[in-house]
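As the structure is a prediction and not an experimental result, all values here were calculated from the model.
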Amino acid sequence: MKTTFEKNDAGFAYALESKGEQVYQAHNESFAQRIKSIEDPNECVATIKEWLAFFRSGHVYVGLAGPASTGNSETPSDKDIIARYKGSERVNVNLEEFTKYLEAKKEVDYEGIWVSEPYKIGIKKIKDEYVGFIIEADGVYWTKGQVKFKIKADNSSVYYLRDHSEQTFPSVELLSDNYMKTGFITLKRVVPKYDSNPEIERYFNAINANKPYFEIIDDNTTYLRIPTFNGAEKSVIDSVIAANKDLVLKTHNFIIDIRNNGGGSDRSYYELLPILYTNPIRTVGVEFLSTPLNNQRMLDFISDPSYGFDEEGKKWAQESFDILDKRKGEFVNLDSTVVDITKYDTIHQFPKNVGIIINEGNGSTAEQFLLAAKQSKKVKLFGTTTVGVLDISNMYLITSPCGDLEFGYSLSRSMRIPDMTIDNKGIQPDLYIDKSIPAYKWIDFVTETLNN
């Protein structure tokens, strides 16, 4: 993995230049000692993640790909995955009795039955902790009775991700009787039943959406939620925009909510730009590090339908591969220009104001969209600073020779470096939404601001 990263990652040389060869050697020596005693695959993954953190905080990844320690390069079966996690902590709760207990309970606290797609989770107080256990899940990575979530006595929490690794959060918040939030996890209570709050219902629908959708907020304001710019979602995003474009172009205000949108493909936001446009959009290009392994991704774009490339996109990928293949070992600017300038024929009268809602969950392509959108005189960014993972980008995911590990690294570096870097800084909002305004009120806050 170290050799692959050093030879192929577009950000390796940049990090080495920034931090120094001696510091890197000391980093390697420290980890060389640590790995000698590792036998557990999960500890192996955790250690590699620590090693990778030396270079940057995003656009790198390592995780288990197959049955650990078997050397099996085949895709793991459901049986293999169930066996891997069968030793996870469990609690035994009689669901019928627990439901009756909850329905009769007068006090409102964390106990209840909650939904956070794709999981249904029961939360029961056991000693001084609230323990969340699986009621319904995929039955493979997570099975009935396994502990998914814990709320500690100090109100901090531990949430176990799909691969059962721990994600800790400093606090848990009851947004209302029906909604709970900890970190980036939001849960909706289904038992017992309480009266709903429309503001919180809207927030929950937005944050937990896995598809784009459109909504009319009031006579002056339309709203578009885009949870991801994943390339496979481009056609869905485009269809939602096309179906509602006429209304948007007749309405004073337009809100685009991209909270927790971690990126995807630049192509996925292209249909938004003509709506926002006032000035020529300047986009600083990237350089791709050409190596045999890196260039394979261009061929993947052509052969793998999950990337969502149409015939025009496949033609671009083949042409790009041909250019890269002739210049191995070099950083290659496929566009032959430092800056790409996009112009549209029309500046629409409406919308007059465009508010884009952002937060710390935005990175990569979502940040590239913001750099383009904020060049419009109509656009203001609302929320909190983005995560800052854009300068080194275009991730490629490969599998280790033994088939046990998946490793993701980056193929390109921005030509904004070093004059205007985003990594580890993020993009700041024009209007910061401070902590006195709860997350479920952000849409109303932006609506009110635009209307005034």
Side-chain angles (χ1 to χ4, degrees), residues 34 37-50 61-70 72 76-102 105 107-174 179-192 208 404-406:
R34 288 177 58 182
S37 60
I38 294 176
E39 297 180 358
D40 177 72
N42 290 297
E43 186 181 354
C44 171
V45 168
T47 305
I48 294 175
K49 284 180 179 178
E50 284 188 59
Y61 167 79
V62 65
L64 293 174
S69 305
T70 65
N72 182 5
S77 67
D78 289 354
K79 185 178 178 181
D80 291 327
I81 297 169
I82 292 169
R84 182 192 302 168
Y85 299 123
K86 69 178 181 180
S88 295
E89 183 182 358
R90 293 177 177 271
V91 294
N92 295 315
V93 177
N94 183 306
L95 189 57
E96 184 178 349
E97 291 180 2
F98 184 55
T99 302
K100 289 180 180 178
Y101 159 75
L102 293 173
K105 187 174 178 178
E107 180 188 0
V108 178
D109 59 9
Y110 297 128
E111 283 195 317
I113 296 175
W114 303 78
V115 172
S116 179
E117 296 292 348
Y119 308 107
K120 181 181 279 188
I121 301 169
I123 298 181
K124 179 178 177 60
K125 189 170 186 180
I126 300 176
K127 296 182 179 179
D128 61 346
E129 293 183 339
Y130 289 91
V131 179
F133 56 92
I134 291 293
I135 295 175
E136 294 177 10
D138 58 13
V140 179
Y141 286 88
W142 285 95
T143 56
K144 189 174 180 180
Q146 289 183 324
V147 173
K148 180 70 174 169
F149 180 47
K150 287 184 179 181
I151 302 173
K152 304 289 189 177
D154 62 359
N155 203 47
S156 64
S157 70
V158 178
Y159 190 88
Y160 298 95
L161 303 176
R162 186 172 186 250
D163 63 358
H164 291 235
S165 60
E166 289 188 10
Q167 179 76 56
T168 58
F169 302 109
S171 64
V172 181
E173 179 185 7
L174 273 176
Y179 292 93
M180 179 199 310
K181 184 176 186 296
T182 182
F184 57 81
I185 308 296
T186 305
L187 301 96
K188 179 179 182 179
R189 193 196 303 262
V190 293
V191 178
N208 290 282
D404 290 346
L405 297 175
E406 287 183 328

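Between the CD atom of Gln167 and the CG atom of Leu161 there is a distance of 5.5 Å, given to the nearest 0.5 Å. Residue Tyr159 holds its OH atom at 15.0 Å from NZ of Lys150, rounded to the nearest 0.5 Å.
Here the side chains of Phe98 and Asn94 are not in contact, with every heavy-atom distance at 4.5 Å or above. Inter-residue side-chain proximity for Ile185 and Phe149 is flagged as unmet; no heavy-atom pair is nearer than 4.5 Å. Ile123 is not listed as a side-chain neighbour of Val131, based on a closest heavy-atom distance of 4.5 Å or more. Under the 4.5 Å side-chain criterion, counting only non-hydrogen atoms from C-beta, Gln146 is not in contact with Phe133. Side-chain contact between Glu129 and Val158: absent, with no pair of heavy atoms (C-beta onward) separated by less than 4.5 Å. With contacts defined as side-chain heavy-atom distances shorter than 4.5 Å, the pair Thr182/Ile151 does not qualify. Side-chain atoms of Leu95 and Ile135, non-hydrogen and from C-beta on, do get closer than 4.5 Å to each other. At a threshold of 4.5 Å between non-hydrogen side-chain atoms, the residues Arg189 and Leu102 do not count as touching.
A side-chain donor from one of Asn155 and Tyr110 sits under 3.5 Å from a side-chain acceptor of the other. No hydrogens or angles considered: a donor-acceptor pair under 3.5 Å links the side chains of Tyr101 and Glu111.
No donor-acceptor distance shorter than 3.5 angstrom exists from the side chain of Lys86 to the backbone of Ser88, with no hydrogens or angles considered. With hydrogens and angles disregarded, no donor-acceptor distance shorter than 3.5 Å links the side chain of Thr186 to the backbone of Lys181.
Here the closest non-hydrogen pair linking Lys148 and Ile121 is CG-CD1, 3.8 Å.
Under the salt bridge (charged side-chain N to carboxylate O under 4.0 Å, His left out) criterion, Asp109 pairs with Lys105, sequence neighbours left out. Applying the salt bridge (charged side-chain N to carboxylate O under 4.0 Å, His left out) rule to Glu117 yields no partners; only residues at least two apart in sequence or on another chain are considered.
Tyr85 and Tyr141 have tilted rings, their planes meeting at an angle from 30° to 60° on a 0 to 90° scale. Ring geometry for Tyr119 against Trp142 counts as perpendicular: the plane angle is over 60°, on a 0 to 90° scale with 30° as the lower cut.
Aromatic ring centroids of Phe169 and Phe184 lie under 6.0 Å apart.
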